[in-house]
Amino acid sequence: MAESQLLCLEDGLMPPAVPESRPQFYYSEQQRAALERLITDGDGAFKNLLKDENGQDFLSAREIKTITGTFVKYPSEEDDGANRGSRNDSGSLRSTYWPQMSDTEVPPLDIGWPSSGLFKGVTRVSVFTHPPKENSPHIKEVTRKLIQESCKVVAIVMDLLTDLQILRDLFEASKRGVPVYIVLDDQGAPLFLDMCSRLKVGDRELKNVRTRTVKGVGLNLSVGKIPGNVHSKYMLIDGDKVMFGTYSFSWSSSRMDRNMITVMSGQVVDFYDNDFRQLYAISDKLDLFKVFHISKPQTGTVSRAAVPKRPEAATSRFQVNLGDVKVPAHKYHKPKYLLALGQIPGRTEPLQDFLNKMEPPDPELEPEPEPENPAEELENLTPVPSPPEKKQSKKFKTLTFSTKRWKKGKKDKTSDTVIEESAANPSDDASKHTLPRDETRDTLKKKKRGCGCLFKKS
């Protein structure tokens with residue numbers, strides 16, 4: 001047995017009874033026994049038991065009708081034995097099984113969910129009613145506007161979802177690529193499927209929709225279980241807004257019932273984010289593709305795009321033929337991708353034709369054999385005569401000068417400027433062509449500054 005069950009068997013560990021006058025009053029053993037009498041023997045036995053024990057009738061006529069109509073019995077021993085026999089034959093059931101964790105996987109939010117944990121700002125509240133107040137939209141308009149403006153995620157927990165306009169908005173959001181998660185009450189799921197069939201939904205509408213059902217807490221008795229319902233009604237938008245209230249997404253609720261909804265944004269949205277994750281984890285899958293017999297779209301790994309085969313080379317490996325037009329190969333196909341595709345470019349013509357076109361090597365251009373003794377070859381080297389120097393023209397004279405240097409406001413001594421004349425005999429005396437210092441300075445002033453060489457006609 002579990003540790004909690006063993007503790008309950010020990011004496012002195014039962015909590016003291018809480019009187020009905022205190023706010024902490026929640027559970028009564030007298031009421032549990034009366035419910036079992038109601039289920040097994042009927043309404044008359046239920047009231048007689050309460051009268052004999054001086055108890056009050058705590059159930060209304062509507063509650064009695066609901067409990068007796070929704071009560072579910074436990075499987076009989078014969079059915080349970082048959083199930084156990086089939087499981088023992090397969091070897092999947094052990095005599096003792098007390099798991100510390102659930103053996104079922106938690107359903108993932110596989111189509112996307114916005115990150116939480118960040119500060120969402122100051123909480124802001126807007127309240128809307130039906131019938132609407134002055135200068136205020138009705139609750140259905142507020143709901144549809146939130147769905148149509150969503151861009152990240154839409155998560156709904158609802159007891160009844162049968163409004164055709166709201167359903168169409170949800171499927172349009174799915175077609176836009178917005179993830180749509182719907183958690184419905186188990187008893188309202190058949191009505192939801194009936195309205196979806198009227199819309200004739202297809203794979204495009206259901207691609208980004210995940211629907212699940214959840215039951216209420218219920219009450220376990222010795223003879224069976226009384227199921228409960230889901231009365232939570234809220235909708236998360238993009239992880240930063242939440243709409244909750246008494247409004248069920250049905251035509252009658254938006255037209256005939258009095259309802260109130262509250263739209264909130266800010267840090268309080270994290271509470272609804274966590275609550276939706278918990279309900280989604282304990283819910284049961286409702287496969288819409290299977291219900292409506294629609295094939296699921298392919299969601300496997302992305303296949304590599306087909307690359308067109310490279311045409312044969314025209315006149316060069318850097319060109320390709322596209323009809324009568326020659327296009328550079330780097331603009332048609334990147335060669336580095338050929339290695340990944342296994343299409344390594346090679347020679348387009350046959351090997352034998354390529355060998356026939358090859359010319360024999362010229363024996364004169366063949367390199368000389370290397371000498372056996374390199375030292376002897378170095379000693380026997382003959383000097384190569386230097387080419388004759390080219391004679392310069394006599395038309396121009398070259399004037400070479402040095403720049404002026406100034407330091408601390410005084411002129412430095414400059415070297416004399418020499419004019420070298422190109423003549424046929426290089427051995428002539430260069431001193432004949434030397435100009436005086438004053439004449440050189442006057443010539444430089446007439447020319448532009450920054451010129452290293454000065455040419456003058458002879």
Q. Is the shortest distance from a Lys or Arg side-chain nitrogen in Lys120 or Asp240 to a carboxylate oxygen in the other one below 4.0 Å?
A.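 A salt bridge is absent here (no side-chain N lies under 4.0 Å from a carboxylate O).
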Q | salt_bridge(Lys296, Asp287) N-O dist < 4.0 Å | A |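 Salt bridge: yes.
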Can you measure from [atom1] ([X]) to [atom2] ([Y]) and round to the nearest 0.5 angstrom?
X      : Y      : atom1 : atom2 : answer
Glu20  : Phe25  : CD    : CZ    : 4.5 Å
Gln148 : Ile237 : CD    : CD1   : 11.0 Å
Glu172 : Arg144 : CD    : CZ    : 10.5 Å
Leu221 : Lys73  : CG    : NZ    : 13.0 Å
Tyr272 : Asp275 : OH    : CG    : 8.5 Å
Asp43  : Thr68  : CG    : OG1   : 8.5 Å

(Q) Please tell me whether Tyr280 and Trp113 form a close aromatic pair, meaning their ring centres lie under 6.0 Å apart. (A) no
Q) Do Phe271 and Tyr234 have their ring centres less than 6.0 Å from each other? A)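 No.
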Return yes when atom [atom1] of [X] has more than 12 non-hydrogen atoms of other residues, nucleotides or ligands closer than 6.0 Å, and no otherwise.
X      : atom1 : value
Arg204 : CZ    : no
Gln56  : CD    : no
Arg176 : CZ    : yes
Lys175 : NZ    : yes
Glu134 : CD    : no

Measuring only between side-chain heavy atoms, which start at C-beta, is [X] closer than 4.5 Å to [Y]?
X      : Y      : value
Val209 : Leu170 : no
Phe244 : Val263 : no
Val183 : Ile156 : no
Val125 : Thr262 : yes
Asp159 : Leu184 : no
Val214 : Ile282 : yes
Val154 : Tyr181 : no
Thr129 : Ile261 : no

Any idea which heavy atoms bring [X] and [Y] closest together, and the distance?
X      : Y      : result
Asp273 : Leu236 : CA-CD1, 3.9 Å
Val153 : Pro114 : CG1-CD, 3.4 Å
Arg37  : Leu49  : CB-CD2, 4.1 Å
Phe46  : Ala34  : CD1-O, 3.1 Å
Phe289 : Ser295 : CD2-O, 4.1 Å
Pro107 : Ala281 : CD-O, 3.6 Å

Q.
As a quick check of understanding, evaluate side-chain contact (heavy atoms from CB on, under 4.5 Å) for Leu59 and Leu35, giving each step before the final call.
A. CA-CA 10 Å; Leu59 292 178; Leu35 285 173; 3.7 Å; yes
Q: Test Val178 against Ile147 for side-chain contact (heavy atoms from CB on, under 4.5 Å), laying out the working first.
A: CA-CA 10 Å; Val178 179; Ile147 297 174; over 6 Å; no
Q: Would you sort out whether Glu205 and Ser174 count as a side-chain contact (heavy atoms from CB on, under 4.5 Å), showing the intermediate values?
A: CA-CA 6 Å; Glu205 289 81 4; Ser174 172; 5.7 Å; no
Is [X] reaching over with its side chain to a backbone N or O of [Y], donor-acceptor style, under 3.5 angstrom?
X      : Y      : result
Tyr74  : Val223 : no
Ser232 : Val157 : no
Arg212 : Leu286 : no
Glu149 : Leu146 : no
Asp238 : Lys152 : yes
Thr162 : Ser250 : no

Q: Give every residue pair that meets the side chain to side chain donor-acceptor pair (under 3.5 Å) criterion with at least one member in residues 213-227, sequence neighbours excluded.
A: Glu36-Ser222
**Q.** ring pair (Phe, Tyr, Trp, His ring centres under 6.0 Å) pairs, two or more places apart, involving residues 128-171
**A.**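 Qualifying pairs, neighbours excluded: none.
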(Q) Among Leu288, Ile111, Ile182, which residue satisfies the side chain to side chain contact (heavy atoms under 4.5 Å, CB included) criterion with Arg210? (A)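 Exactly one pass, corresponding to Ile111.
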Q. Honestly, is Arg32 close enough over Tyr27, meaning NZ or CZ under 6.0 Å from the six-membered ring centre and within 45° of the axis?
A. no
Table please: side-chain donor-acceptor pairs of residues 186-195 below 3.5 Å, with sequence neighbours left out.
unit_1 : atom_1 : unit_2 : atom_2 : d
Gln187 : NE2    : Asn229 : OD1    : 3.1
Asp194 : OD2    : Arg198 : NH2    : 3.1

Q.
Side chains of Ser253 and Asn259 only: does a donor on one sit below 3.5 Å from an acceptor on the other?
A.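 Short answer, yes.
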Q.
Looking only at side-chain N and O atoms, does Ser248 offer a donor or acceptor that is under 3.5 Å from a partner on Lys233?
A.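 A donor-acceptor contact under 3.5 Å links the two side chains.
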**Q.** CA sep, side-chain torsions, deciding dist, call: Leu50, Phe58, side-chain contact (heavy atoms from CB on, under 4.5 Å)
**A.** CA-CA 9 Å; Leu50 292 176; Phe58 58 92; 4.3 Å; yes
